[in-house]
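A quick write-up on the structure given underneath.
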Amino acid sequence: MHELRHVTSINDLTVDEIETIFSVAGDYLRNLRDPNLPHRIGRSVTDASGAILATLFYEPSTRTRLSFETAMIRLGGKSISSADPATSSAAKGESLADTVRVASNYADMLVIRHPRDGAAKLASCYASVPVVNAGDGAHEHPTQTLCDLFTLRQEGKNLKHMNVAISGDLKGSRTIHSFVYALARFGANIMLMPAKGMEMPEHVHWRLRNELNCFAVPRARYEKDNASVDALYMTADRPHQLSLISDAEIKPRKNIDAMYVTRFQKERWAGKPQEYPTIDQRFLKDKKFSRTSLLHPLPRVGELDIALDTDRRAAYFRQAAYGVPIRMALISMLLGFAREKRLQKFAGGFMPEKYEVYVGSEPGVLACVNENCIVHDAMEGKYAPQRFQLVAPHRLRCFYCESDIAEFVVANRKTRHFSIDAEMPRNERDVVFFASPETAMAAGYSAAKRRRKAANA
Ligand code: NCD
């Protein structure tokens with residue numbers, strides 16, 4: 001039987017698979033534009049009739065939901081939708097886990113948007129059909145990234161070595177998190193221009209540097225030309241090459257190939273920003289922006305001047321339009337309509353190594369540090385046992401929202417000892433994590449003797 005594939009993160013897809021999605025989407029786009037074709041659907045679709053897509057949206061949406069539904073209809077299938085939690089059983093207190101278990105019997109694929117980080121991952125644990133993340137809290141929005149990269153390709157950009165500037169709410173924007181991972185994997189350079197106090201989360205930085213072969217250029221090397229850039233990442237061609245690059249060789253090109261603008265994510269913040277960057281003609285008058293493609297996932301609410309709409313650099317409405325062929329490609333590949341292009345068994349994506357997943361079952365053990373993680377939802381959390389991946393000796397990653405925890409102690413259920421050196425018990429089942437030595441001791445664990453090497457150091 002074909003193994004179930006979910007897309008909860010852009011990192012669930014390999015670069016080759018993303019390239020195939022672009023090629024299938026390119027075919028659909030040509031067909032959508034061909035007025036001679038009946039129904040304007042792709043010739044390569046053999047039979048999508050009878051297939052049903054369910055969109056389960058717990059947060060507002062226009063483009064994402066409508067383009068997913070349009071995509072399925074264009075493919076010859078049908079779509080059903082629960083677009084307002086106030087009118088679904090969520091209002092009666094039904095959990096996401098139960099909803100997806102039920103909806104798996106109605107539809108062939110579930111597309112989920114939710115205000116909590118990690119909700120799509122939780123849903124994928126309970127669904128028996130493919131789950132696609134259409135935006136979960138501030139975590140990720142992988143299909144938006146597919147549209148973003150596809151747009152850049154259509155605008156004639158070569159993703160490799162391209163300079164991409166990203167402005168706005170880099171903390172609250174899930175679109176940005178998926179986007180930077182993909183840019184790094186395609187070899188682009190990334191310039192971060194956050195609004196004050198809305199810098200990209202530390203764990204996303206860590207991932208760029210430690211898993212995605214990105215090199216953080218020292219500030220002194222770019223600050224003179226780009227005072228508003230908070231961090232500049234260059235991507236090396238090959239793993240491990242970074243250490244070989246001398247400072248003198250780091251010469252980021254000045255031209256900006258793409259500028260990605262995002263709105264203030266007001267639903268994820270308590271207050272209002274005092275200042276927020278606005279992109280307009282004046283901002284873009286510098287020569288380095290002369291060939292820049294302007295992107296925005298939309299909706300915009302003032303941070304992107306409407307006077308730019310007629311500017312040849314504005315690509316954001318085309319970007320929204322590509323949502324249909326891109327999602328047609330993803331649906332047909334997930335469901336196997338594009339037969340020879342079906343997404344195969346998940347081969348581990350891009351991850352440099354396969355991380356072990358540790359499941360916490362004891363009460364009082366370590367909890368995800370992200371307060372908006374699905375595990376902290378009073379109802380949904382009951383369906384989400386604490387799960388972590390050990391991604392480095394002193395770094396745990398939440399299985400659901402992928403936030404990292406750098407401070408914790410590892411304890412051994414069998415010996416009842418804990419170690420602050422993050423020494424892992426040999427048997428996975430014996431592993432238990434605590435937030436601090438104090439919480440471990442409160443749970444009846446005692447400090448293990450330190451390793452001789454560490455003690456002598
Ligand atoms: C984005 C989202 O929902 O994260 N919108 C979209 O899907 N096109 C961006 C946003 O809401 O700002």
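Numbering of residues begins at 1 and proceeds along the displayed sequence. Remember, it's 1-based here, ligands and their atoms both numbered in the order they're listed.
The N/O atoms of Pro299, backbone and side chain alike, include none that comes under 3.5 Å of an N/O atom in ligand 1. The N/O atoms of Arg174, backbone and side chain alike, include one that comes under 3.5 Å of an N/O atom in ligand 1. Below 3.5 Å of separation, one finds an N or O of His141 facing an N or O of ligand 1. By the 3.5 Å distance cut-off applied to N or O atoms, Thr175 is not counted among the residues near ligand 1.
Note on ring orientation: taking the six-membered ring where Trp is involved, the planes of Phe388 and Phe433 are perpendicular (angle over 60°, cut-offs 30° and 60°). Between Phe150 and Phe22, the ring planes are tilted. Angles from 30° to 60° get that label. Taking the six-membered ring for Trp and thresholds of 30 and 60 degrees, Tyr383 and Tyr126 have ring planes more than 60 degrees apart, a perpendicular arrangement.
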Report the C-alpha distance between Tyr260 and Phe179 in whole Å, list the side-chain angles of each, state the deciding distance to 0.1 Å, and finish with yes or no for ring-ring contact (aromatic ring centres under 6.0 Å, His included).
CA-CA 10 Å; Tyr260 198 100; Phe179 190 47; 4.5 Å; yes
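At a heavy-atom distance under 4.0 Å, only side-chain atoms of Arg113, from C-beta outward, approach ligand 1.
Every atom of ligand 1 is numbered from 1 in the order shown, and the set under 4.0 Å from a heavy atom of Thr64 is 6 (C), 7 (O). The atoms of ligand 1 that sit less than 4.0 Å from any heavy atom of Gln265 are 10 (C), 12 (O). Residue Pro297 approaches ligand 1 through these ligand atoms, each under 4.0 Å from one of its heavy atoms: 8 (N), 9 (C). Each of the atoms 6 (C), 7 (O), 8 (N) of ligand 1 lies under 4.0 Å from some heavy atom of Gln144.
Shown are Arg207, Lys171, Arg395; of these, the salt bridge (Lys or Arg N to Asp or Glu O under 4.0 Å) with Glu202 is made only by Arg395.
Note that Arg327 lies in the cation-pi zone of Phe68, set by a 6.0 Å cut-off to the ring centre and a 45° limit from the axis.
Between the side chains of Tyr58 and Asp84, not a single donor N or O lies within less than 3.5 Å of an accepting N or O.
Although no hydrogens or angles enter the test, the distance criterion places a donor-acceptor pair under 3.5 Å between the side chain of Arg313 and the main chain of Phe289.
The closest protein non-hydrogen atom to atom 5 (N) of ligand 1 is Leu298 O, 3.0 Å. The protein atom (non-hydrogen) at minimum distance from atom 11 (O) of ligand 1 is Arg263 NH2, 2.9 Å.
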